Amino acid sequence: MTFQNTRGFARELDSQDTLNHYQDQFIFPKVNDKRVIYFTGNSLGLQPKRTKAYIDEVMNDWAELAVEGHFYAQKPWWDYQERFAEPLSKIVGALPSEVTVMNTLTVNLHLLMVSFYQPKDKRYKIICEEKAFPSDQYMFQSQVHFHGYKPEEAIVEIKRRDGEHNIRLEDVLAKIEEVGEELALVLIGGVNYYTGQVFDIKTITAAGQKVGAKVGWDLAHAAGNIKLELHDWNVDFAAWCSYKYMNSGPGNASGCFVHEKHHNDAALPRFAGWWGHNKERRFKMEPTFDPVHGAGGWQISNLPVLSLAPYLASVEMFAEVGMDSLITKRDHITSYLEFILHEIDKEVKGNFEVITPSNPLERASQLSVFLHGEGRSLFDYLMKNGVITDWREPNVIRLAPVPLYCSYEDMYDFGQILKQGILGK
Ligand SMILES: *Cc1c(COP(=O)(O)O)cnc(C)c1O
């Protein structure tokens, strides 16, 4: 399709967009009395209007039933998480028994590393990507310390080549080969938070397992954003947060995946708690831990139902929309944004550099752009004029045109505001 940088053309695309009406299901902050153009759904998704009712329901049940709500609430609290199994497993391409929701992301990755990072003898190294999300870096360092290794010996980062912004698949595979029988674990962010690069999860998982390592994924920027087939790709484990693309609210509960092949492995160490114990006998208060079959067996505590409620609202919305139609729009609107950036770049004689891969198979709902020659004042201008984006020093903006609630007209408007912000200085 040949794009045009006009309002009329953008509106035409909106009128053909089958997801366009979902915008009305979200609450947008306002700037100058106008709803904002929201590009930071990769950081904190907008609030769906339906969410409040899910929370109110728990509040009402609590008021009216108090402790009895565990069993007699409209959605009983004691197994509230089971409502996620069907819809969430579809979003990440898993069997219902392979997913659960609990805790928060970094906590879950730590807990999963207890099971899947078992350094022994020669095999103790972890492969991750260079400049991984800081929380992941701290996690790796503390985990290897915990097992008595030095980070500089045990953590192997896959580097970008000089002058390149993204990591090449061939370099990941070569590093896995090279570390070989010293490799205990590969754990990478499925979508890089900074560049938006999408990794080939299937190929990397197979390569890591071929040399005898476990392979897990941090899917913070992938869940609700890219097509995942975690079961078929034979991923050992994964976790993601729910407040980015999944719109469940600040700091909210995390989702976990543990592949079916590990469900019967009694030798796998794990940190246990009563919510992972056999559901039928949980309240018998038995002394011996008998894990729930499946990912649910990794649960520890009583559920934070007030935080699961907004996540459930979101998961049900995703089930309704379906990942396939989300992805179709995602690719189209991202390409339109890329086109707008090129057009504006020409008009302002700028020097924009999109550092996200241009190959649609290696990117999803994010474009990270170097605005060479521009400074923080441009970011301030954008924010003041209703464009909510994210600025990373020295001058990278990350733009996530989230398909559920961003419109093509938003992309057009953004271009005009960007142009004004650069030319009007
Ligand atoms: C957002 C993000 C996190 C956040 O972890 P929390 O434990 O939820 O604070 C972790 N890893 C990656 C890659 C992220 O993008």
Side-chain angles (χ1 to χ4, degrees), residues 21-30 35-36 38 40-92 96 99-108 111 220 223-224 239-256 273-277 279-280 282-283 285 292 295-296 298-321 388 402 404-405:
H21 60 286
Y22 270 95
Q23 277 173 80
D24 299 332
Q25 298 209 20
F26 287 86
I27 304 172
F28 287 77
K30 288 193 168 158
R35 81 162 183 76
V36 298
Y38 197 70
T40 45
N42 56 352
S43 184
L44 180 69
L46 290 180
Q47 183 181 137
K49 289 179 183 164
R50 67 175 77 177
T51 297
K52 196 162 180 299
Y54 282 68
I55 297 175
D56 286 347
E57 182 187 298
V58 180
M59 294 299 280
N60 292 338
D61 284 336
W62 177 23
E64 287 165 20
L65 301 167
V67 72
E68 296 281 274
H70 284 296
F71 297 105
Y72 301 110
Q74 294 176 62
K75 301 184 182 88
W77 305 332
W78 79 300
D79 59 2
Y80 196 95
Q81 86 285 357
E82 290 184 5
R83 293 166 193 278
F84 288 79
E86 260 323 303
L88 191 55
S89 63
K90 289 206 180 76
I91 295 168
V92 299
V99 296
T100 194
V101 289
M102 58 185 198
N103 314 310
T104 43
L105 174 56
T106 311
V107 171
N108 283 340
L111 293 172
W240 52 93
C241 51
S242 61
Y243 48 81
K244 291 174 178 166
Y245 291 99
M246 303 236 27
N247 314 315
S248 85
N252 227 339
S254 158
C256 286
W274 70 325
W275 236 253
H277 186 75
K279 180 179 151 187
E280 306 309 327
R282 185 173 297 148
F283 301 106
M285 306 305 197
V292 173
W298 270 261
Q299 293 177 84
I300 294 185
S301 287
N302 195 346
L303 304 168
V305 178
L306 281 167
S307 114
L308 294 190
Y311 192 10
L312 187 61
S314 153
V315 161
E316 291 184 350
M317 184 187 283
F318 273 78
E320 210 174 278
V321 177
I388 310 297
V402 173
L404 261 180
Y405 49 71

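In this text, all values refer to a predicted model and were calculated from it rather than measured experimentally.
Note that the CG atom of L111 and the CD atom of Q299 stand 11.5 Å from one another [nearest 0.5 Å]. Rounded to the nearest 0.5 Å, atoms CD1 (I55) and CG (L308) are 11.0 Å apart. Interatomic distance, CD of Q81 versus CG of L303, reported as 4.5 Å (0.5 Å rounding). In this structure, CG on L404 lies 10.0 Å from CG on L46, to the nearest 0.5 angstrom. For the atom pair CE of M246 and CZ of F318, the computed distance is 4.5 Å after rounding to the nearest 0.5 Å.
A 4.5 Å side-chain heavy-atom check between I300 and M102 finds every atom pair outside the cut-off. Looking at L312 and F84, their side chains come closer than 4.5 Å, going by heavy atoms from C-beta outward. Using a 4.5 Å cut-off on side-chain heavy atoms (C-beta onward), R83 and P76 make contact. For the pair W77/L306, no side-chain contact is recorded, criterion being any heavy-atom separation below 4.5 Å from C-beta on. Between T51 and S314, every side-chain heavy-atom pair lies at or beyond the 4.5 Å cut-off.
Atom NZ of K75 sits in a crowded spot, with more than 12 heavy atoms from other residues, nucleotides or ligands closer than 6.0 Å.
Below 30°, between 30° and 60°, or above 60°: for W78 and F71 the angle between ring planes is between 30° and 60°, a tilted geometry. Classification of the W275-F283 ring pair by plane angle, with boundaries at 30° and 60°, yields perpendicular.
Judged by distance alone, with hydrogens and angles left aside, the side-chain atoms of S254 form no donor-acceptor pair with the main-chain N or O of N103 at under 3.5 Å. Side-chain atoms of S242 do not come within 3.5 Å of backbone N or O of Y311 as any donor-acceptor pair. Listed for the N247 side chain is no donor-acceptor partner under 3.5 Å among the backbone atoms of P48. Side-chain N or O atoms of N252 include none that pairs as donor or acceptor with a backbone N or O of Y243 at under 3.5 Å. K49 places a side-chain N or O within donor-acceptor distance of the main-chain N or O of D24, the cut-off being under 3.5 Å.
Closest approach of N302 and H70 over heavy atoms only: OD1-CE1, 4.2 Å. Nearest heavy-atom pair, R35 versus Y405, reported as atom, atom and distance to 0.1 Å: NH2-O, 4.4 Å. Between T104 and G251, the closest heavy-atom pair is CG2-O, 3.6 Å. The shortest non-hydrogen separation linking V292 to R282 is CG2-NH2, 4.2 Å. Contact between K279 and D79 at its shortest, heavy atoms only, is NZ-OD2, 3.2 Å. The shortest non-hydrogen separation linking A220 to L105 is CB-CD2, 3.6 Å.
A donor and an acceptor atom, one from each side chain of E320 and Y22, are located under 3.5 Å apart.
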